[in-house]
Amino acid sequence: MTEGRIVKALSGFYYVRAGSDVYTCSASGKIKFGNYIPLVGDNVEISTSSDLTGSIENILPRINSLIRPAVANIDCIVFLASNVNPVTDPLLIDRMSVIAEYLNCEFTLCINKIDLTESDSYGSIYEDIGYKVFRTSAVSKVGIDEADSFLRGRTSVLTGNSGVGKSSILNAINPDFCLKTSEVSTKLGRGKHTTRHVEMFDISVDTFIIDTPGFAGDSNLGYEVVWNTMIDQVIEENVPRDDKLVNIFGIVPYHDPFWSGSLEEIDRILSKLGLKVNTFFTKHQNIEDVRKCSGAALNIIINPWLFKGPAKKFEEKFGVPSIRIAGNPIGATDTTAFVLKVAEALKLDKALVDKVIDEEEDYVYSYLGQSIGVLSWKRFAVVADATNAIGITRYLANDYSFTPVLVVISEPIYREEDKQRIIDMITNLEYARPPKVVFTADQFEINDTILSEEEDITLLIGSTNEKEVGLEKGIQFITAAFPMNERLVFNRTYTGYRGSLTFTEDLYDNL
């Protein structure tokens, strides 16, 4: 067996540096079906062949790991930001700083493109709370030597939203890297994702930098970290049980651009059933509601995969069971199924439940009847996180009789059981044949998947990242997933009975 370190992962292969050689490796069956997925930065044991191919047989213990970007054994997260096109959302910086603290590694902010603007709107904010901040220009080389000096002796991951100049900074540090760079899209004001995979580069014997594709931000890890902390340290034990109180989990603020309106619609529906609802993020709820939420009768997780660990911990510590709603309930069909599942778990009065369902369905169908025949039949594709991809696909197929062609799950899903649950929800449709389902968080792969789809697509629902592909194909496009940069959203939603009417209006508005 040979020990080495994974320096690149691409298309199912892992490139492992062992001494002066780099082996192209696949993962052995033991690894594929084990608890770990190989990540760039992993120290591994491989079996090798004379043609520099091999197989990863064992992943050595990690000091830490990240889900997105998918890396392991890092000393420092360097977040590259910009005050000029594309302007970085400080929320992305906050998320990564929280994750860095959780992983017990350094966090450093690098503000690039200072040659293009004198603005420094948030650099001083992060300096004031103790973070190291660099100000650089890959063009004029300002700040490059200082950044290079700081990186020495560390394994650092360079991350940030697309187009801020990660590859340009690496080229400035070492021109021998010759990494491909690109202009920012003039149509969308964002980067074009010239980095397509995660790769580790050697600066010196003890210095490594991991370059990553641009990302839009992933709040899922931070969401679970926060709730695990709340369960361990904040939520009180021995709170009297309230049989009418429920907690809502799985709708992640800002990761779902419609999160506020979605929580309000869920709250509205459950309140009609006589329930009291902890949404935690609306209704001016505060830390007191968090402290007392262990008195709830039920946790409702609206997500096909998130919150598995915290839900188990919550039940073990406080005795509160959970049900999982594996997708955003959009429209009468799935929202009624949601209501019935909650009613069954809490043994609610059947007469009341039937009354609420009849009222809500009558309200929705009275409006939908007005749109019959106005909007032509569509063949659609969806690119979104799993929760919203399920909800949008099922609504358009089951309630509106559109034909699903392609669904891309654009967030990392690692557990096979979760993938299968998502596939089942998307493909088990009432009237439509099942669409193709693809799992990838890589923007190039997402774009290529859409552009290379042989079946005709006349409607694309996705995020700002897919808008350019929609324009290229010349088809109807609706921005309905994170990240959403060109729409102002307060409490709009596509969730529930009434949210589905808003979604249908948007279908007409974007013809």
Side-chain angles (χ1 to χ4, degrees), residues 256 258 302-306 324-335 337-338 368 375-482 494-495 499-500 503-504 506-507 510-511:
D256 178 348
F258 300 114
I302 304 177
N303 195 293
W305 67 273
L306 192 64
R324 183 176 295 277
I325 309 300
N328 187 2
I330 301 176
T333 301
D334 278 4
T335 307
F338 161 72
L368 282 184
L375 186 63
S376 61
W377 173 68
K378 297 286 185 180
R379 300 173 60 87
F380 68 92
V382 179
V383 182
D385 62 276
T387 306
N388 285 302
I390 290 170
I392 291 169
T393 301
R394 290 179 61 83
Y395 173 67
L396 291 179
N398 289 340
D399 292 42
Y400 224 75
S401 300
F402 283 2
T403 299
V405 174
L406 171 69
V407 179
V408 179
I409 308 302
S410 59
E411 62 183 352
I413 308 291
Y414 292 110
R415 294 186 292 257
E416 288 301 321
E417 63 193 78
D418 295 332
K419 286 186 177 181
Q420 191 57 54
R421 185 183 303 113
I422 293 164
I423 291 171
D424 289 345
M425 289 296 295
I426 290 173
T427 57
N428 293 336
L429 304 171
E430 291 190 17
Y431 305 112
R433 63 181 175 83
K436 182 190 301 181
V437 182
V438 176
F439 293 85
T440 178
D442 182 283
Q443 193 62 46
F444 264 114
E445 291 183 6
I446 292 171
N447 293 350
D448 288 345
T449 299
I450 296 169
L451 292 172
S452 63
E453 174 55 49
E454 294 181 356
E455 291 195 47
D456 187 36
I457 297 172
T458 58
L459 169 65
L460 174 62
I461 301 113
S463 73
T464 297
N465 289 344
E466 287 75 51
K467 184 174 182 179
E468 194 166 327
V469 177
L471 292 172
E472 185 173 341
K473 288 182 71 70
I475 60 177
Q476 182 185 358
F477 176 79
I478 295 177
T479 311
F482 181 88
Y494 294 163
T495 299
S500 68
F503 186 23
T504 306
D506 284 354
L507 288 172
N510 288 273
L511 287 175

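Values in this document were obtained by computation on a predicted structure and should not be read as measured data.
Residues passing the side-chain contact (heavy atoms from CB on, under 4.5 Å) test with Glu416, sequence neighbours excluded: Lys419. Applying the side-chain contact (heavy atoms from CB on, under 4.5 Å) rule to Ala381 yields the partners Leu406, Ile457, Leu460; only residues at least two apart in sequence or on another chain are considered. Every residue meeting the side-chain contact (heavy atoms from CB on, under 4.5 Å) condition with Ser463, not counting sequence neighbours, appears here in chain and number order: Asn465, Glu466, Ala481, Pro483. For Phe258, the ring-ring contact (aromatic ring centres under 6.0 Å, His included) partners two or more places apart in sequence, or in a different chain, are Tyr494.
In summary, the side chains of Tyr395 and Thr504 do present a donor paired with an acceptor at a separation below 3.5 Å, with no hydrogens or angles considered. Under 3.5 Å, the side chains of Asn328 and Thr387 contain no donor-acceptor pair of N or O atoms.
Under the 4.0 Å criterion applied to side-chain N and carboxylate O atoms, Glu453 and Lys436 are assigned as salt-bridge partners. Between Glu417 and Arg324 there is no salt bridge, since none of the side-chain N atoms of the basic residue sits less than 4.0 Å from a carboxylate O of the acidic one.
Taking CG from Asn447 and OG from Ser452, the interatomic distance works out to 10.5 Å, rounded to the nearest 0.5 Å. The distance from atom CZ of Phe380 to atom OH of Tyr400, rounded to the nearest 0.5 Å, is 13.0 Å. We find the CZ-CH2 distance between Arg421 and Trp305 to be 11.5 Å, quoted to the nearest 0.5 Å. To the nearest 0.5 Å, atom OG1 of residue Thr335 and atom CD1 of residue Ile325 are 10.5 Å apart. The structure places CZ of Phe503 at 11.0 Å from OG1 of Thr495, a figure rounded to the nearest 0.5 Å.
Residue Ile461 is tested with Asp506, Asn388, Val382 for a side-chain contact (heavy atoms from CB on, under 4.5 Å); the sole match is Val382.
Residues Phe477 and Ile475 form no side-chain contact, since every pair of their non-hydrogen atoms from C-beta on lies 4.5 Å or further apart.
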List, one per line, each side-chain donor-acceptor pair under 3.5 Å for residues 422-432, sequence neighbours excluded.
residue, atom, partner, partner atom, Å
Asp424, OD1, Gln420, NE2, 2.9
Thr427, OG1, Ile423, O, 2.7
Asn428, ND2, Asp424, O, 3.2

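Closest approach of Ala326 to Ile390, counting heavy atoms only: O-CD1, 3.1 Å. Between Asp418 and Pro304, the shortest heavy-atom contact is OD1-O, 4.1 Å. Taking all atoms of both residues into account, the shortest heavy-atom contact from Pro435 to Val407 is CG-CG2, 3.9 Å.
Remark: side-chain polar atoms of Thr458 are paired, donor with acceptor, to backbone N or O of Arg379 under 3.5 angstrom.
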* Where do Trp377 and Thr403 land on the side-chain hydrogen bond (donor to acceptor under 3.5 Å, both in side chains) test, with the steps shown first? -> CA-CA 8 Å; Trp377 173 68; Thr403 299; 3.1 Å; yes
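Screening residues 381-404 for salt bridge (charged side-chain N to carboxylate O under 4.0 Å, His left out), with sequence neighbours left out, gives Asp334-Arg394.
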